[in-house]
Participant: 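A single structure is presented below for examination.
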Amino acid sequence: MIPIAEALLDWYACHGRHDLPWRQSRDPYHLWLAEIMLQQTQVESARPYYARFLQALPSWQALAAAAQDQVLALWSGLGYYARARNAQRAAQEVVTRFGGHFPNTLEAAVTLPGVGRSTAAAVLASAFGHRQAILDANARRVLIRSHAIDADPKAAATQQWLWTLASALTPEDAHGYNQAIQDLGAMICTPRQPRCVACPLVDRCLAHAQGRSHALPAIVNKAPKPQRCAFFLLVVDTEGQILLEKRPDSGIWGGLWCLPQAAPDGGAFPVLCSGTLHPLEDTPAVRQSLQAAWSRRLGLNLQLRALEEEQQHVFTHFQLRFRCVHARVWGSAVADSAATLRWHRPADALAQGLPTPIRRILRERSGGC
DNA sequence: TATTCGTGGGC
DNA sequence: TGCCCAAGAAT
């Protein structure tokens, strides 16, 4: 066996995180679900979602047949909601195209929505014992440091080299090795302040030999985050119900239920705001356009009331500044043939698949903790 | 090829 | 506090 693999497997046997829930199973459904949830997500964030999801939808068939709203409600708060929509589509394809069994080749597995090369390899190795290399953030960082790779980690040529390296280093026991290198990356070879004294690869690590462990991977220059501004409508009917709008599948918060949103100009999408402008200012003109836009889009006769203080929510690639607008409704009834508008009692609203800042708003209003 | 997709932890 | 980063994939 390659010395690196042997050292990693020995270390893993003693120090690995053997107690993770998805490591107690060899069921492809369990392992696949864990891999999807863990994409760009830390273990402790995904853990409670994994348990709840499996409890509610314990099989390919259950997930395939579920209502999308239920799937998104189970995912609500975990982020990257395309994963949830793709997961359901993948389950449907496993049932219809693969007879209820996860495909047992890399080529077939990556045809499933939301399953890329690394996710497919992880499932095949763990569920079927195949010798398949992964290349996630942990493995990538370990390889970059151990081989002192200076190139831009995101460049295509670097990715290709890393995949070649990962494949060459992965032993027959890929199941154990993949988990070992992930645990090393998460526990020892961390992004900042790696604990090289406790690393089983310290004697073979080029970065450590060169005294550059802390300097790798190379830093990629970051683009400044644009700011976007929007208003959210808080309208309650005579029975105390609140109006929610289902967002389209594409775009941010796709498929989730949200407070009706409008830009200061009345448009549907948040507008870019520079430092000098005050797009969230409470002016008669802004109120006018908001009232007109929402009344038309929602088919309601609205009377705007107070505007709440500005809040913000930071995404990976932009910052959303927003204010909540209280309103009264005259008459009733929302005409919505597409069923993208619904009145919910407060408790019902909180059971829906909501984006985190919207959940926070509704929770505070209903006096919850 | 470069963007677009969430959210919370940690320093 | 602000910023970086995470068990990546789709478009």
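Nothing here was measured: the structure is a model prediction, and the numbers come from that model. Below, chains carry the letters A, B, ... as their sequence lines are ordered, and counting in each starts from 1.
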Participant: Measuring to OP1 and OP2 of B:dC5, would you say a side-chain N or O of A:W75 lies under 4.0 angstrom away?
Facilitator: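 Looking at the OP1 and OP2 atoms of B:dC5, neither is under 4.0 Å from any side-chain N or O of A:W75.
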Participant: When you measure only distances, ignoring hydrogens and angles, does the side chain of A:T356 come within 3.5 Å of the base of B:dG8 through a donor and an acceptor?
Facilitator: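 Answer no: no donor N or O sits under 3.5 Å from an acceptor.
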Participant: Using atom P in both nucleotides, what's the gap between B:dA2 and C:dA7 to the nearest angstrom?
Facilitator: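 Roughly 24 Å separates the two P atoms.
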Participant: Quick one: does NZ or CZ of A:R52 land under 6.0 Å from the six-membered ring centre of A:Y49, within 45 degrees of the ring axis?
Facilitator: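 Yes.
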Participant: Which nucleotide, C:dA9, C:dA7, B:dG6, lies nearest any side-chain atom of A:T119?
Facilitator: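 So the nucleotide nearest the side chain must be C:dA9.
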Participant: OP1 or OP2 of C:dA7 less than 4.0 angstrom from a side-chain nitrogen or oxygen of A:R17, does that happen here?
Facilitator: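 A:R17 to C:dA7 OP1/OP2: no side-chain N or O under 4.0 Å.
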Participant: Under a 4.0 Å threshold between the charged nitrogen and the carboxylate oxygen, would A:R345 count as salt-bridged to A:D237?
Facilitator: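 Here A:D237 does not pair with A:R345 in a salt bridge, since their nearest N and O are not under 4.0 Å apart.
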Participant: Which one, B:dG10, C:dA7, B:dT7, comes nearest to the side chain of A:R192?
Facilitator: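 Among the listed nucleotides, the one closest to the side chain of A:R192 is B:dG10.
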Participant: May I ask you to decide whether A:R297 forms a salt bridge with A:E245, counting only side-chain N to carboxylate O separations under 4.0 Å?
Facilitator: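 So A:R297 pairs with A:E245 through a salt bridge.
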Participant: Under a 4.5 Å cut-off applied to non-hydrogen side-chain atoms, are A:E281 and A:R323 in contact?
Facilitator: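 No; the side chains remain at least 4.5 Å from each other.
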Participant: Which whole-number value in Å describes the distance from A:I219 CD1 to C:dC3 C1'?
Facilitator: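 These atoms are roughly 12 Å apart.
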Participant: What's the CE-C1' distance between A:M187 and B:dG10, to the nearest Å?
Facilitator: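 Result: 17 Å.
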Participant: The side chain of A:Y80 lies closest to which of these nucleotides: C:dA7, B:dG6, C:dA6?
Facilitator: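 Out of C:dA7, B:dG6, C:dA6, the nucleotide with an atom closest to A:Y80's side chain is B:dG6.
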Participant: Can you tell me how far P of C:dA7 sits from CD of A:Q42, to the nearest Å?
Facilitator: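 Whole-Å distance recorded here is 6 Å.
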Participant: Would A:R117 count as a cation-pi partner of A:W163, with NZ or CZ less than 6.0 Å from the six-membered ring centre and within 45° of the ring normal?
Facilitator: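 Yes, a cation-pi geometry holds between A:R117 and A:W163.
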Participant: For A:L112 and C:dG8, give me the distance from atom CG to atom P, rounded to whole Å.
Facilitator: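 Roughly 18 Å, once rounded to whole Å.
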Participant: To the nearest Å, give me how far apart CD1 (A:I134) and C1' (C:dA9) are.
Facilitator: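 After rounding, the reported distance stands at 16 Å.
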Participant: Starting at the 5' end of DNA chain C, which residue's closest nucleotide do you reach first, A:V115 or A:P191?
Facilitator: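 With A:V115 and A:P191 compared, the 5'-side residue is A:P191.
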Participant: Closest approach to the side chain of A:K222, judged atom by atom: which nucleotide of C:dA7, C:dC3, C:dG8 is it?
Facilitator: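 It is C:dC3.
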Participant: Can you tell me how far C1' in B:dG6 sits from the matching atom in C:dA6, rounded to whole Å?
Facilitator: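 Each nucleotide's C1' atom is 12 Å from the other's.
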Participant: Given B:dC5, B:dT7, C:dG8, identify the nucleotide with an atom nearest to the side chain of A:Q39.
Facilitator: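 The closest nucleotide is C:dG8.
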Participant: Looking at C:dC5, B:dT7, B:dC5, which one has an atom nearest to any side-chain atom of A:I252?
Facilitator: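 In terms of side-chain proximity for A:I252, the closest of C:dC5, B:dT7, B:dC5 is B:dC5.
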Participant: Any N or O donor-acceptor pair under 3.5 Å from the base of C:dG8 to the side chain of A:S118?
Facilitator: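 Checked by distance alone, the answer is no.
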Participant: Would you mind telling me which of B:dG6, C:dC3, C:dA7 lies closest to the side-chain atoms of A:E35?
Facilitator: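 Nucleotide nearest to A:E35's side chain: C:dA7.
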